[in-house]
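Each remark here refers to the structure printed beneath this line.
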Amino acid sequence: MRLSQLFTKTSKTIPADETARNAQLLIQAGFIHKEMAGVYSYLPLGKRVLDNIEQIVREEMNALGGIEVQLSILQPKDIWEKTDRWDDDKVDNWFKTKLKNGTELGISLTNEEPLTNALGGFINSYKDLPAYVYQIHSKFRNELRAKSGLMRGREFLMKDLYSFCRTQEEHNAFYENAALAYMKVYDRLGIGDTTYRTYASGGIFSKFSDEFQTLSDVGEDTIYVHEDKRVAVNKEVFTDEVLSDLGFKREELIEKRAVEVGNIFSLGTKYADALNVYYTDEQGERQSIIMGCYGLGISRLMGLLAEHFADDKGLVWPEAVAPAKVYLVRLGDDEATVKQADELYNRLTAAGVGVLYDDRDLRAGAKFADADLTGIPYRVVISDKTRVAGVYELKARGSEDSQQLNQAELLKTLDV
RNA sequence: CGGGGAGUGGCGCAGUCCGGUAGCGCACGCGCUUUGGGAGCGCGGGGUCGCAGGUUCAAAUCCUGUCUCCCCGACCA
């Protein structure tokens with residue numbers, strides 16, 4: 001992408017109506033636009049980051065055996081009444097709307113009922129199970145108060161997967177595999193070493209659910225980390241009884257602040273039963289389906305990564321999610337220099353390397369400042385001077401030092 | 001939802017207490033100079049002060065209502 005063609009622009013000042021560092025940085029760098037409290041639009045660079053995170057999640061869900069769908073955002077009321085969840089007393093942060101004729105509708109905040117209902121038409125036999133179905137789509141929650149930028153919005157992008165199993169054993173095995181897949185996602189995003197599988201309240205179907213909590217001072221959750229076992233306990237279930245169940249001693253655990261970046265639940269048979277979705281086993285007997293749900297916040301992760309990897313100059317994206325791998329700075333406008341920069345841009349682009357090509361008519365300082373703020377992993381400078389010297393200047397975003405390389409060395413360093 | 005703070009060109013702010021029809025920086029346009037860490041000088045365009053009502057000869061400024069944003073708390077299937 002040529003920056004001369006990009007409509008967004010960076011700002012020298014941070015927005016006054018945000019205090020969350022992630023939102024400040026992402027708005028200042030032109031990645032997102034705030035529509036209203038808790039609602040953000042994704043501009044070109046932000047959209048790329050979001051897509052990159054989404055793709056990593058998609059790959060791991062596919063590897064887990066998941067099959068992707070896209071569910072509707074408008075939802076009918078009747079299926080939620082069957083599971084007794086429609087009432088505002090049951091779910092109080094639900095956006096709802098109405099058809100012109102007065103028919104009430106729900107706006108997607110979760111999808112157990114719609115998906116189970118949709119699957120019900122196809123699931124008859126034990127041969128049709130298990131089924132692991134997911135989507136990556138917007139969710140809406142009418143939070144009393146939005147906060148923390150992308151980390152807690154009213155509209156957000158989330159991956160939600162639902163498992164439909166025949167037996168508890170089958171469910172348990174998948175549930176554990178899902179937990180492993182989640183950790184793979186966090187590893188790929190560069191936060192694996194600070195993310196803990198965390199015991200949390202399980203609701204009515206199991207003693208615990210599992211949250212995935214990434215350590216962060218701006219996190220909303222308090223967890224107690226067991227470093228040796230690489231697990232944690234959420235404060236909400238941090239009781240002597242639970243510690244005893246888990247075989248942990250209180251003094252082994254360290255209190256930390258964390259951001260919930262995933263949560264997986266066992267759901268039992270409640271929803272499928274309520275929606276009259278069963279399967280017939282090998283003996284011809286009708287059996288209940290055991291469900292699980294597995295959430296992972298894509299946009300929240302973007303906020304977390306923005307905040308987690310930033311420094312005083314701006315964003316510092318991990319290469320896996322960066323909107324581009326290379327920020328190519330062209331200085332000087334000698335015809336030969338322009339030609340050389342154009343050629344490198346074309347070559348890298350053809351090789352599949354994402355490049356933000358700063359071909360704008362700006363001074364060096366402005367371009368360097370933008371390169372830093374934008375957080376692209378590698379900065380390459382081509383100037384009249386480097387051209388004459390026959391070198392390319394390469395600097396990693398996280399490093400203070402730059403190096404002078406010939407073209408072969410540069411391409412090798414960039415894995416081209 | 002309770003408490004606190006704030007809404008003034010695209011962005012960041014001053015002006016509000018002590019009413020007299022709006023100012024600075026950034027950004028933007030033009031010109032000259034400059035050109036490796038957010039350039040300098042000059043000229044120029046752009047806002048009716050969140051919205052509605054009221055007081056007054058006169059309201060960004062005072063009064064009433066309302067909307068929005070931020071923070072703390074509560075809430076978070």
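Because the structure is a prediction, the values reported are computed rather than measured. Here is how names work: the chains are called A, B, and so on, in the same order as the sequence lines, proteins then strands, and each is numbered from 1.
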> For the side chain of Arg145(A), counting heavy atoms from C-beta on, which of rC1(B), rC76(B), rA27(B) is nearest?
Replying inline: rC1(B)

> Which one, rG38(B), rC76(B), rC13(B), comes nearest to the side chain of Ala16(A)?
Replying inline: rC13(B)

> On a whole-Å scale, what distance lies between the C1' atoms belonging to rG23(B) and rA14(B)?
Replying inline: 7 Å

> Quantified in whole Å, what is the P atom distance between nucleotide rG45(B) and nucleotide rG25(B)?
Replying inline: 15 Å

> What integer number of Å spans the P atoms of rA60(B) and rU48(B)?
Replying inline: 12 Å

>> As a test of reading the structure: which of rC26(B), rA77(B), rG37(B) is closest to the side chain of Lys395(A), going by heavy atoms?
In response: rG37(B)

> What distance, rounded to whole Å, do you find between the two C1' atoms, one in rU8(B) and one in rC69(B)?
Replying inline: 15 Å

>> So, taking the atom named OG in Ser299(A) and the one named CD1 in Ile136(A), what distance separates them when rounded to the nearest 0.5 Å?
In response: 11.5 Å

> Is the count of non-hydrogen atoms from other residues, nucleotides or ligands lying under 6.0 Å from Lys96(A) atom NZ greater than 12?
Replying inline: yes

> Is there a Watson-Crick or G-U wobble partner for rG73(B) with both distances under 3.5 Å, and which nucleotide is it?
Replying inline: rC1(B)

> Cation-pi between Arg141(A) and Phe95(A): NZ/CZ under 6.0 Å from ring centre and within 45° of the ring axis?
Replying inline: no

>> In whole Å, measure the gap between the P atoms of rC51(B) and rC11(B) for me.
In response: 14 Å

>> Using the P atom as the point on both nucleotides, what is the distance between rC17(B) and rG31(B), in whole Å?
In response: 44 Å

> Where the side chain of Asp92(A) is defined as all heavy atoms beyond and including C-beta, which of rU34(B), rC71(B), rC75(B) is the nearest nucleotide?
Replying inline: rC75(B)

> What distance, rounded to whole Å, do you find between the two C1' atoms, one in rG19(B) and one in rA59(B)?
Replying inline: 6 Å

> In the structure shown, which nucleotide is the Watson-Crick or G-U wobble counterpart of rC43(B), with both distances under 3.5 Å?
Replying inline: rG29(B)

>> Using a 6.0 Å distance limit plus a 45 degree cone around the ring axis, check whether Arg2(A) lies over the aromatic ring of Tyr357(A).
In response: no

